[in-house]
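To start, the structure under review is shown below, and the notes come after it.
Every chain is numbered from 1, with letters handed out A, B, ... down the list of sequences.
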Amino acid sequence: MCGRFTLTLDPGEIQTLLELGPFVHIVQPRYNIAPSQPVPIVKNADTRTVELYRWGLVPSWADDLNIGNRMINARSETVHEKPSFRSAFKYRRCLILADGFFEWRAEQSGPKTPFLFKLKNDNPFTFAGLYEHKELPEGGELHTCTILTCEPNELVRDVHNRMPVILDEKARWTWLKPDADQSVLRALMAPFPADAMKCFPVSRAVNLPENDRPEVVEPVAG
DNA sequence: CCAGACGTTGTT
DNA sequence: GTCTGG
DNA sequence: CCAGACGTTGTT
DNA sequence: GTCTGG
């Protein structure tokens with residue numbers, strides 16, 4: 001799955017490499033983005049505007065906003081039929097910007113080992129995501145999103161049994177097309193090629209979301 | 001009809 | 001909101 | 001994802 | 001064990 005990720009590159013660099021519209025939200029590099037925090041997303045392939053949405057999807061009909069804490073991922077295999085996701089899958093697909101993600105490997109005993117996964121060229125990339133808007137009783141609107149998951153590729157498989165859906169430069173704009181049909185979308189929700197990725201163990205300091213600093217993206221022995 | 005669920009992951 | 005179960 | 005809390009009463 | 005918060 002994907003429960004923590006990074007966006008460390010300079011905003012100008014991200015904008016250029018992902019061919020996005022201008023954005024000003026990301027003023028600080030993020031080394032440890034955790035659920036419930038604001039994450040940068042793109043909803044429209046024409047404007048390519050970047051907005052911040054809370055990570056953890058809350059369906060528009062949910063009474064309990066805490067449901068978002070458990071909706072940080074959506075299984076791509078079932079997203080079209082689950083009540084919490086199917087409407088967003090049909091009408092509200094988005095891209096979530098990242099340049100790395102963490103997965104934890106369970107050991108025979110003792111604490112899990114966190115690994116950082118990146119593209120070999122260190123470029124930024126985009127997760128396939130869904131977003132939702134909910135009217136709040138006290139007024140205002142809650143904007144939330146979730147990251148789709150799929151089977152792991154050969155690289156991720158050694159660490160975990162799920163990985164986030166990553167869309168390449170061609171797939172990402174197709175994903176945002178409002179009239180894209182199911183068979184096309186289905187084909188996009190596949191494991192990213194392992195030969196374009198790398199990974200290495202990192203400090204368990206990443207376990208604490210408050211450790212949002214460069215140390216947690218540095219390789220360690222393990 | 002109304003009431004209640006609606007999710008993922010990992011582990012057992 | 002929409003579906004399932006009673 | 002991981003870490004940390006997990007309760008009531010009455011009083012300040 | 002299960003839920004909430006980040």
Side-chain angles (χ1 to χ4, degrees), chain A residues 1-8 28-40 52-92 96 98-118 127-137 141-152 156-166 189 191 199-213 215-217 220 222:
Chain A
M1 84 176 300
C2 179
R4 224 62 86 73
F5 66 96
T6 68
L7 192 57
T8 62
Q28 299 254 352
R30 294 297 312 277
Y31 303 96
N32 197 350
I33 301 174
S36 80
Q37 296 177 351
V39 298
L52 293 178
Y53 272 54
R54 184 185 168 99
W55 184 15
L57 188 140
V58 177
S60 57
W61 42 262
D63 302 316
D64 180 9
L65 299 183
N66 291 323
I67 193 172
N69 293 329
R70 280 165 304 208
M71 302 284 212
I72 64 171
N73 295 125
R75 292 178 64 88
S76 58
E77 297 91 337
T78 56
V79 76
H80 60 282
E81 60 184 16
K82 295 292 182 184
S84 297
F85 300 128
R86 60 193 171 196
S87 170
F89 177 61
K90 195 169 178 185
Y91 301 112
R92 291 177 297 280
I96 295 170
D99 53 27
F101 65 91
F102 298 97
E103 299 287 359
W104 279 256
R105 186 178 70 190
E107 308 296 351
Q108 302 252 329
S109 64
K112 294 178 184 175
T113 305
F115 285 75
L116 177 59
F117 289 83
K118 302 187 74 178
F127 294 131
L130 308 175
Y131 67 92
E132 192 72 65
H133 293 167
K134 173 170 174 54
E135 299 262 354
L136 297 172
E141 241 185 10
L142 181 65
H143 291 182
T144 59
C145 63
T146 191
I147 296 171
L148 300 209
T149 64
C150 60
E151 289 290 303
V156 179
R157 186 169 299 153
D158 290 337
V159 174
H160 229 64
N161 62 350
R162 301 294 290 174
M163 71 178 285
V165 174
I166 295 172
M189 299 186 290
C199 78
F200 48 85
V202 295
S203 165
R204 288 201 294 120
V206 74
N207 289 7
L208 286 157
E210 65 220 58
N211 290 336
D212 185 16
R213 38 195 173 79
E215 172 201 345
V216 305
V217 301
V220 298

Among B/dT9, C/dT2, E/dG6, the nucleotide that comes nearest once only the side chain of A/R86 is considered: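 My answer, after comparing the listed nucleotides, is C/dT2.
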
If you check the A/K82 side chain, which of B/dT8, B/dG10, B/dT11 turns out closest?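 Looking only at heavy atoms from C-beta outward on A/K82, the closest nucleotide is B/dT8.
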
Please report, rounded to the nearest Å, how far the [atom2] atom of [N] is from the [atom1] atom of [X].
X      : N     : atom1 : atom2 : result
A/M71  : B/dT9 : CE    : C1'   : 13 Å
A/N161 : B/dT8 : CG    : P     : 13 Å
A/E77  : B/dT9 : CD    : C1'   : 13 Å
A/I72  : B/dT9 : CD1   : P     : 9 Å
A/R92  : C/dG1 : CZ    : C1'   : 10 Å
A/W104 : D/dC2 : CH2   : P     : 6 Å
A/K112 : D/dC2 : NZ    : P     : 4 Å
A/R4   : E/dG5 : CZ    : C1'   : 11 Å

Has [X] got a side-chain N or O lying under 4.0 Å from the OP1 or OP2 atom of [N]?
X      : N     : result
A/N66  : E/dG5 : yes
A/S84  : B/dA5 : no
A/N207 : D/dA3 : yes
A/S36  : E/dT4 : no
A/R75  : B/dT8 : no

Provide the distance between the two [atom1] atoms, one in [N] and one in [M], to the nearest whole Å.
N      : M     : atom1 : answer
E/dG6  : B/dG4 : P     : 30 Å
E/dT4  : D/dT8 : P     : 15 Å
B/dG10 : D/dC1 : P     : 6 Å
D/dT11 : B/dC2 : C1'   : 45 Å
B/dC6  : E/dG5 : C1'   : 22 Å

I need the single residue from A/F117, A/F5, A/F115 that forms a ring pair (Phe, Tyr, Trp, His ring centres under 6.0 Å) with A/F101. Which is it? A/F117

Run the salt bridge (Lys or Arg N to Asp or Glu O under 4.0 Å) check on A/E107 and A/K112 step by step: do they pass? CA-CA 6 Å; A/E107 308 296 351; A/K112 294 178 184 175; over 6 Å; no

When we call it a touch if two heavy atoms are under 4.0 Å apart, what does [X] touch: a base, just sugar-phosphate, or nothing?
X      : answer
A/N73  : sugar-phosphate
A/F85  : sugar-phosphate
A/S76  : nothing
A/T149 : sugar-phosphate

Does any nucleotide pair with D/dG7 by Watson-Crick or G-U wobble geometry, both distances under 3.5 Å, and what is it? none

C/dG5 pairs with which nucleotide, Watson-Crick or G-U wobble, both distances below 3.5 Å? B/dC2

Specify whether A/H133 and A/H143 have parallel, tilted or perpendicular ring planes, treating 30° as the upper limit for parallel and 60° as the lower limit for perpendicular.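 A/H133 and A/H143: parallel rings.
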
Students often mix this up, so state it plainly: with edges at 30° and 60°, are the rings of A/Y131 and A/Y53 parallel, tilted or perpendicular?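 Ring orientation of A/Y131 relative to A/Y53: perpendicular.
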
For A/K134, does the NZ atom sit with more than 12 other heavy atoms under 6.0 Å from it, leaving out its own atoms?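 Counting other residues, nucleotides and ligands, NZ of A/K134 exceeds 12 neighbours.
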
Below 4.5 Å, heavy atoms only, C-beta onward: do A/N207 and A/W104 meet side chain to side chain? yes

Is any side-chain heavy atom of A/R157 closer than 4.5 Å to one of A/M163? no

Are B/dC6 and A/W61 stacked, with the base six-membered ring and the side-chain ring centres under 5.5 Å apart and planes under 30°? yes

